[in-house]
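Structure first, then comments.
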Protein chains: 4
Amino acid sequence: MSKTRLNVAMIGSGFIGKVHSNAFRQVGHFFDTPYDVRLHVICGRDRAKLEAAASRWGWSEIETDWQKVIARKDIDAVDIAVPNALHSVIAIAAAEAGKIVLCEKPLAASLEEAERMTRAVQRRPNMVWFNFRRVPAIVFAKQLITEGRIGQTFHYRALYLNQSGNDPAKANTWRYKKSDAGMGAAGDLLSHSIDIALYLNGPIKELSAMMHTFAPGRDVDDATLLMARFANGSIGTFEATRYGVGCQNRNTLEVNGSKGMLSFTLDEMNQLDFFDATEAGNLQGRRSIAVTGVDHPYGKNFWKPGHVLGYEHPFIATLADFLNSIARQEPFHVNFEDALAVQRILDGIERSSASRGWVSIEEGSD
Amino acid sequence: MSKTRLNVAMIGSGFIGKVHSNAFRQVGHFFDTPYDVRLHVICGRDRAKLEAAASRWGWSEIETDWQKVIARKDIDAVDIAVPNALHSVIAIAAAEAGKIVLCEKPLAASLEEAERMTRAVQRRPNMVWFNFRRVPAIVFAKQLITEGRIGQTFHYRALYLNQSGNDPAKANTWRYKKSDAGMGAAGDLLSHSIDIALYLNGPIKELSAMMHTFAPGRDVDDATLLMARFANGSIGTFEATRYGVGCQNRNTLEVNGSKGMLSFTLDEMNQLDFFDATEAGNLQGRRSIAVTGVDHPYGKNFWKPGHVLGYEHPFIATLADFLNSIARQEPFHVNFEDALAVQRILDGIERSSASRGWVSIEEGSD
Amino acid sequence: MSKTRLNVAMIGSGFIGKVHSNAFRQVGHFFDTPYDVRLHVICGRDRAKLEAAASRWGWSEIETDWQKVIARKDIDAVDIAVPNALHSVIAIAAAEAGKIVLCEKPLAASLEEAERMTRAVQRRPNMVWFNFRRVPAIVFAKQLITEGRIGQTFHYRALYLNQSGNDPAKANTWRYKKSDAGMGAAGDLLSHSIDIALYLNGPIKELSAMMHTFAPGRDVDDATLLMARFANGSIGTFEATRYGVGCQNRNTLEVNGSKGMLSFTLDEMNQLDFFDATEAGNLQGRRSIAVTGVDHPYGKNFWKPGHVLGYEHPFIATLADFLNSIARQEPFHVNFEDALAVQRILDGIERSSASRGWVSIEEGSD
Amino acid sequence: MSKTRLNVAMIGSGFIGKVHSNAFRQVGHFFDTPYDVRLHVICGRDRAKLEAAASRWGWSEIETDWQKVIARKDIDAVDIAVPNALHSVIAIAAAEAGKIVLCEKPLAASLEEAERMTRAVQRRPNMVWFNFRRVPAIVFAKQLITEGRIGQTFHYRALYLNQSGNDPAKANTWRYKKSDAGMGAAGDLLSHSIDIALYLNGPIKELSAMMHTFAPGRDVDDATLLMARFANGSIGTFEATRYGVGCQNRNTLEVNGSKGMLSFTLDEMNQLDFFDATEAGNLQGRRSIAVTGVDHPYGKNFWKPGHVLGYEHPFIATLADFLNSIARQEPFHVNFEDALAVQRILDGIERSSASRGWVSIEEGSD
């Protein structure tokens with residue numbers, strides 16, 4: 001069966017652009033989709049960098065003006081892999097030009113931008129690269145929760161800790177500037193934890209947050225702490241920081257329910273811990289499930305049971321699911337709407353931190 | 001060298017009374033103190049229970065009226081092992097009768113009681129059984145922090161999770177009634193985490209807390225969440241719950257500093273995890289130190305390196321240190337003053353939860 | 001109900017004597033037995049050491065001649081806590097004098113001694129302090145195996161690693177001399193692993209072993225390796241060493257069966273890992289069971305669920321079970337007969353190592 | 001700089017062919033090599049399977065006769081990904097036709113074949129896909145050993161456990177037949193452990209082994225156990241089994257040396273555990289190093305520190321190193337010579353198991 005050619009243009013050529021390039025290259029090797037994905041144009045400001053990336057990953061053309069890229073008729077999809085503050089203008093233009101729109105997380109540098117973007121893409125296929133939603137262990141956690149395996153949720157807790165802020169070599173990039181990034185640890189790290197929480201545990205009704213900056217003169221948060229009430233009656237704590245010395249990329253979540261517990265840490269990405277409180281008392285224990293089996297999410301796509309996946313695989317799965325959702329005209333998540341819900345939480349966090357009190361989170365009206 | 005006889009009376013005969021009895025029996029086997037500790041009188045309401053406890057542990061006499069016990073001249077020390085709401089009246093009476101006073105944690109059912117108790121015992125040797133301060137790994141953590149091994153503290157986070165509240169068989173004791181316990185998870189579990197935090201990381205300046213009750217009709221908190229600012233500039237999160245299904249007695253703490261990280265969980269009581277960020281980059285890693293060596297706290301008192309301690313050993317060490325502090329007329333910690341500081345935090349938590357905002361914690365003026 | 005007084009004499013005052021003293025002191029606090037155990041006489045060669053031990057643990061009398069102790073009419077039980085080479089002469093004399101005989105492991109310095117000892121004690125209550133058989137996790141493992149939870153056994157593997165041999169400060173004691181100890185790591189460490197294996201997995205039919213000495217001039221094994229065939233058709237590997245640098249006291253075992261796996265390490269003494277291969281494929285995982293519940297072995301004797309035990313508790317449980325077996329006139333294990341079976345394996349190991357081939361293990365004919 | 005086109009033909013289209021295809025596709029994305037690797041011809045017996053693989057991975061042509069493939073002038077390199085018993089005839093033919101030869105492990109189904117193959121390829125670039133030698137943690141372990149970080153080696157122990165043999169669905173493939181595979185667990189699993197051991201700890205001088213088959217009627221080993229003496233004076237134990245129920249793909253190694261310990265398990269592929277016995281006693285502990293840093297092997301090739309690799313990455317690194325070794329005319333390891341050394345051990349294992357005694361391993365004379 002012949003495939004439909006899909007010409008992609010990627011705006012951005014940094015680290016995350018490398019990750020996206022890999023996903024475009026690999027998706028057809030592990031997933032059946034009706035598209036023949038072509039790495040057509042890579043666009044950025046630095047021509048030498050573009051040439052290197054094009055040569056390495058096989059992008060057919062390079063371009064330094066993103067508006068020209070969007071104006072091209074031969075581009076089907078625009079992938080946005082640039083600093084947060086540039087997301088909205090590109091995404092809106094791409095949507096208006098009728099492109100499929102893919103956008104790196106967090107959706108935007110502000111709630112207002114996120115809302116405009118979401119409105120703009122409404123008639124076009126759109127997605128946001130919240131990659132952890134395709135970590136097999138997290139998809140499997142969702143499945144167990146949906147099956148009622150942990151019963152009614154009581155507690156949700158999540159950490160996202162790295163140590164970049166404490167490292168002078170790292171702390172000078174766009175991620176540390178409000179004008180480029182909008183927020184600090186909250187947008188960069190916490191947004192992931194929030195997205196996963198909304199996926200696994202549903203909407204947050206209200207929250208009380210504290211944003212804190214350790215480094216003198218820095219205008220974004222180095223750390224954000226959060227207490228929350230979810231719509232399902234459970235309560236939650238969140239912590240994201242760039243001053244978690246000792247933790248390179250520690251992304252954890254844990255859920256206690258009336259019938260059991262689920263626990264995940266990105267350091268052991270291929271495992272999900274499950275405590276089944278319905279078993280006989282003397283056999284209860286926290287079990288570590290290797291989520292690489294044929295019956296696990298994406299278990300038939302990559303390698304064999306017991307053969308672990310790495311950082312890039314959830315990106316590949318995200319892209320595959322997105323492509324198939326387009327073909328089947330089915331909804332895809334995380335779309336802009338979903339990412340807007342995350343942005344509403346981030347906005348609530350800023351408001352709560354400023355007012356030093358609890359704030360309500362309104363759900364979207366659509 | 002002959003020892004001074006020390007006649008102890010213990011008020012209470014429940015689980016914690018068993019733990020204290022064991023400490024009185026064992027202290028002389030593992031520690032040198034100038035006292036010959038005698039289990040003289042055990043006092044409670046249920047004569048049959050008292051007889052059983054006396055026979056098992058070798059208490060010489062039983063008594064059902066605590067006031068009579070305190071009135072006896074042959075009692076040197078009164079140990080309070082009864083529900084929280086009874087602590088203050090007994091402690092104050094014992095202090096007024098000139099006894100050495102030992103009291104189970106938390107100090108009291110309210111801040112006001114705790115303040116009165118603290119004033120009352122000021123001229124008498126006094127202590128509170130915050131046992132975790134004598135867990136070798138926690139003492140060792142304090143030592144490493146004091147030596148500057150983790151540098152300036154950025155983050156402090158602690159959990160104390162059990163699942164008792166979700167268990168109908170357990171949730172009917174005095175611990176679940178405000179009139180007896182004062183508070184729920186906050187007094188029972190969080191007080192431990194707070195005491196350890198004050199020990200390891202110094203005073204808390206302000207906090208924002210949320211107390212939550214899952215069980216209908218229950219008048220104490222099932223779970224308490226907390227964000228805090230410490231006087232040393234670090235920020236903290238705390239969570240205590242009786243709905244942590246999957247966790248029988250999970251008491252953890254973690255500290256990120258500019259030079260490293262420390263991490264402890266009671267499930268692996270004999271270990272302290274340490275990350276040294278001053279080492280060569282490629283050799284940095286979280287190391288698990290078995291705190292059972294001859295150079296570790298209490299390492300020469302119990303068994304041999306690699307031979308683990310259990311739940312009761314920190315109680316024994318607490319008692320030994322207290323007895324020696326009396327003999328040497330040196331200050332002992334945790335004393336009532338220290339436990340009052342914990343109570344001030346607990347009170348702040350109640351105020352913050354009620355007001356849904358941040359509250360300041362005033363330090364004692366003494 | 002009044003208890004029968006049981007006068008104990010302990011021969012030996014070293015580290016293991018301290019552990020036994022503690023067991024004699026503590027047994028009545030945690031277990032119901034019909035005996036009132038009295039620490040009557042402690043016997044050794046160094047009077048000052050004896051006085052210190054007697055004062056600390058409450059031994060009523062001291063004695064420097066073990067033969068006098070055994071000749072005393074007021075001694076009911078003799079506990080042997082001296083170097084291996086002295087076990088047989090004392091045990092045989094004690095048995096002939098009609099005493100209850102308790103003996104530290106390994107039973108003897110040679111198979112011939114062990115056989116004589118076993119014959120000598122046959123009409124007297126006798127036991128050997130193979131303490132790990134009363135680790136709750138190991139008793140629970142036995143229970144799960146007996147219930148068929150792991151099906152037919154395929155593999156048994158055990159390690160006992162410490163680093164004492166590599167430490168000049170430690171490597172000069174009697175444990176490193178053939179004349180005192182009989183063997184090195186094999187008698188000291190491997191004997192534990194063998195005893196547990198016989199308990200959990202039944203008799204060994206044949207084995208091929210290798211004993212190795214790293215230190216020049218030392219006449220006992222520093223390390224012993226072993227392959228084995230069990231009578232139940234499973235195969236096993238064992239390794240014991242004093243050159244396991246990085247391991248203070250690592251005692252592990254693992255069993256793979258047709259329906260599951262069990263795994264234990266002494267470093268996490270209160271846990272047993274269990275893999276149930278009969279569960280749905282996507283839920284299979286290695287679970288860590290905290291063996292501190294009310295439904296676990298000895299779960300009602302010590303503290304509460306989630307409150308961990310330490311090194312000494314299995315000794316206390318061993319003594320309790322032994323005392324009750326005497327009262328009930330029921331068989332007790334590990335008795336001398338059981339320890340002789342271990343000694344037969346140790347002897348087979350020496351023979352195999354010398355002949356560099358497989359040797360058969362004959363079971364006792366009694 | 002323009003690259004040299006390198007036309008690859010792969011013989012085989014099973015699981016490992018998928019892994020190799022991925023390596024050919026990905027090598028240029030993460031590594032600089034002077035070659036433009038082309039997936040030119042895929043060859044196998046089942047045309048439908050070949051067409052599917054070619055379509056998925058982009059092989060330009062398919063072919064069902066491997067001899068025709070080797071006869072083609074436009075093929076530069078032949079990659080052998082077929083059952084073991086076919087390795088030798090293809091490898092020898094490919095070498096004689098002047099091709100670069102890549103071969104899946106183990107090298108051959110017998111020592112005699114392996115020797116002939118090694119002679120045949122001597123003048124041609126050749127390699128064997130012992131992929132674990134490029135796991136960053138294992139390369140880093142080698143580096144630490146070479147630097148003397150663990151001093152003189154005392155013990156080496158390795159396990160390779162899976163549960164495939166106990167699974168009727170899996171146990172019917174060519175891997176379970178002597179005519180196709182030569183050996184069972186020994187060739188399939190143990191060969192990996194042996195290769196890593198030779199890499200990290202040097203040659204094995206003598207060994208005593210036991211091969212065991214659990215399944216009636218099966219003519220290869222289900223499990224192989226092994227004791228060994230290394231040339232450097234250390235001693236080792238190895239165990240490989242397909243009856244390790246509870247273990248999907250557990251590949252572990254541990255080395256104790258005079259100054260420390262190294263420990264690795266494939267389940268946590270991105271970590272290396274290191275115990276440094278030269279540190280202050282109270283700070284010694286087993287540390288877990290995330291081997292994903294910029295200063296770690298291949299740390300700059302894939303993602304960022306803290307971003308984990310999966311099963312396929314070591315294959316990519318193996319290929320990259322091999323290609324660069326060809327360009328630089330430098331030796332590459334694992335080459336056929338190295339794999340022959342593994343085969344000599346496997347042969348020794350068979351001899352030892354048959355004779356039930358120790359056998360010497362002769363090193364190759366070349």
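What you are looking at is a predicted structure, and each value in this text was computed from that prediction instead of being measured. A, B, ... follow the sequence lines: proteins, then strands. Residue 1 opens every chain.
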Any side-chain heavy atom of B:I235 sitting closer than 4.5 Å to one from A:M210? yes
With a 4.5 angstrom heavy-atom cut-off, could you sort out which part of B:L262 is near chain A: side chain, backbone, both or neither? neither
Among B:S208, B:G233, B:G285, which residue has the highest count of heavy-atom pairs closer than 4.5 Å to chain A? B:S208
Find out whether A:F154 and B:N166 are in side-chain contact, i.e. whether some heavy atom of one side chain is under 4.5 Å from a heavy atom of the other. yes
A:R356, part contacting chain B, at a heavy-atom distance under 4.5 Å: both
With heavy-atom distances below 4.5 Å as the criterion, would you say the side chains of A:H155 and B:T241 are in contact? yes
Assert top hit (heavy-atom pairs under 4.5 Å, partner chain B, pool A:S258, A:A277, A:S355, A:S234) equals A:S258
Sort A:Q152 into side chain, backbone, both or neither according to what part of it lies under 4.5 angstrom from a heavy atom of chain B. neither
Using a 4.5 angstrom heavy-atom cutoff, name the option from A:N256, A:D273, A:L226 with the most pairs to chain B. A:N256
Heavy-atom pairs under 4.5 Å with chain B - which of A:S263, A:G260, A:G357 has more of them than the others? A:G260
In terms of heavy-atom proximity below 4.5 Å to chain A, should B:E254 be classed as side chain, backbone, both, or neither? side chain
Winner by heavy-atom pair count (cut-off under 4.5 Å) against chain B, out of A:M261, A:E239, A:Q248, A:Q284: A:E239
Between B:R157 and A:T237, does the side-chain contact (heavy atoms from CB on, under 4.5 Å) criterion hold? Intermediate values first, please. CA-CA 11 Å; B:R157 67 186 70 87; A:T237 57; over 6 Å; no
